[in-house]
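What follows is a short report on a single structure.
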Amino acid sequence: MTKYKYSVCGVFNIGRLLFSGTCVSDDIDKAIEMFREQGYSIFNIERKEQVRADEQIGIRNVNILG
């Protein structure tokens, strides 16, 4: 299975604060869903690079910007 690192930005629904973050997923739709489940609305998502097959799928980091 091919996995990719994604870079995202958007709004954290609690407090309406801007955020940026990264995740690893095998599909862009699954990457978006991971963030939605945690209360984030994504405005932009970019596939950055392929990662190793044994890399764990999930959100890597989130930075609140405002």
Side-chain angles (χ1 to χ4, degrees):
M1 175 188 317
T2 304
K3 297 178 186 173
Y4 296 95
K5 180 177 181 181
Y6 292 91
S7 176
V8 303
C9 61
V11 173
F12 184 47
N13 291 332
I14 299 172
R16 307 299 294 169
L17 301 171
L18 295 175
F19 82 94
S20 67
T22 60
C23 72
V24 171
S25 182
D26 57 350
D27 178 82
I28 194 166
D29 292 327
K30 291 178 185 175
I32 292 168
E33 187 60 31
M34 276 191 274
F35 280 93
R36 283 187 181 160
E37 289 173 352
Q38 299 298 316
Y40 298 96
S41 295
I42 295 176
F43 293 157
N44 188 42
I45 184 166
E46 293 181 44
R47 187 172 76 184
K48 290 298 191 180
E49 59 193 39
Q50 186 173 343
V51 296
R52 297 186 324 264
D54 63 348
E55 193 79 30
Q56 186 175 357
I57 290 175
I59 295 174
R60 293 290 176 250
N61 66 39
V62 174
N63 299 308
I64 302 299
L65 304 175

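Only this structure's heavy atoms are used, side chains among them; waters, hydrogens and symmetry mates stay out.
Taking CG of Leu65 as the start and SG of Cys9 as the end, the distance is 8.5 Å to the nearest 0.5 Å. Considering CD of Glu33 and CD of Glu37, their distance stands at 4.5 Å, rounded to 0.5 Å. Ser41 contributes atom OG, which lies 12.0 Å from atom CZ of Phe35 (distance to the nearest 0.5 angstrom).
Under the salt bridge (Lys or Arg N to Asp or Glu O under 4.0 Å) criterion, Arg60 pairs with Glu55, not counting sequence neighbours. Residues meeting the salt bridge (Lys or Arg N to Asp or Glu O under 4.0 Å) test with Asp26, sequence neighbours left out: Lys30. Asp54 meets the side chain to side chain donor-acceptor pair (under 3.5 Å) test with Arg52; sequence neighbours excluded. Not counting sequence neighbours, the partners of Glu46 by the salt bridge (Lys or Arg N to Asp or Glu O under 4.0 Å) test are Lys48.
In terms of heavy-atom proximity, Ser25 sits nearest to Tyr6 at O-CE1, 3.7 Å. In this structure, Ile42 and Ile32 approach most closely via the heavy-atom pair CD1-CA, 3.8 Å.
In the hydrophobic clustering of ILVMFWY residues, with side-chain heavy atoms under 4.5 Å counting as a link, Val24 and Val8 come out apart. By the criterion of side-chain heavy atoms lying less than 4.5 angstrom apart, applied directly or through intervening Ile, Leu, Val, Met, Phe, Trp or Tyr residues, Ile57 is grouped together with Ile28 in one hydrophobic cluster.
Screening residues 4-15 for salt bridge (Lys or Arg N to Asp or Glu O under 4.0 Å) gives no qualifying pairs among residues at least two apart or on separate chains.
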Check: residues 14-23 side-chain donor-acceptor pairs under 3.5 Å, at least two apart:
{"from": "Arg16", "atom 1": "NH1", "to": "Asn13", "atom 2": "OD1", "distance (Å)": "3.2"}
{"from": "Thr22", "atom 1": "OG1", "to": "Asn61", "atom 2": "OD1", "distance (Å)": "3.4"}

Open item on the list: Please determine whether side chain to side chain contact (heavy atoms under 4.5 Å, CB included) holds for the pair Tyr40 and Val11, giving the CA-CA distance in whole Å, both sets of side-chain angles, and the decisive distance to 0.1 Å.
Closed with: CA-CA 6 Å; Tyr40 298 96; Val11 173; over 6 Å; no
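For Arg47 and Tyr4, the positive end sits near the middle of the six-membered ring, less than 6.0 Å away and at most 45° from its axis.
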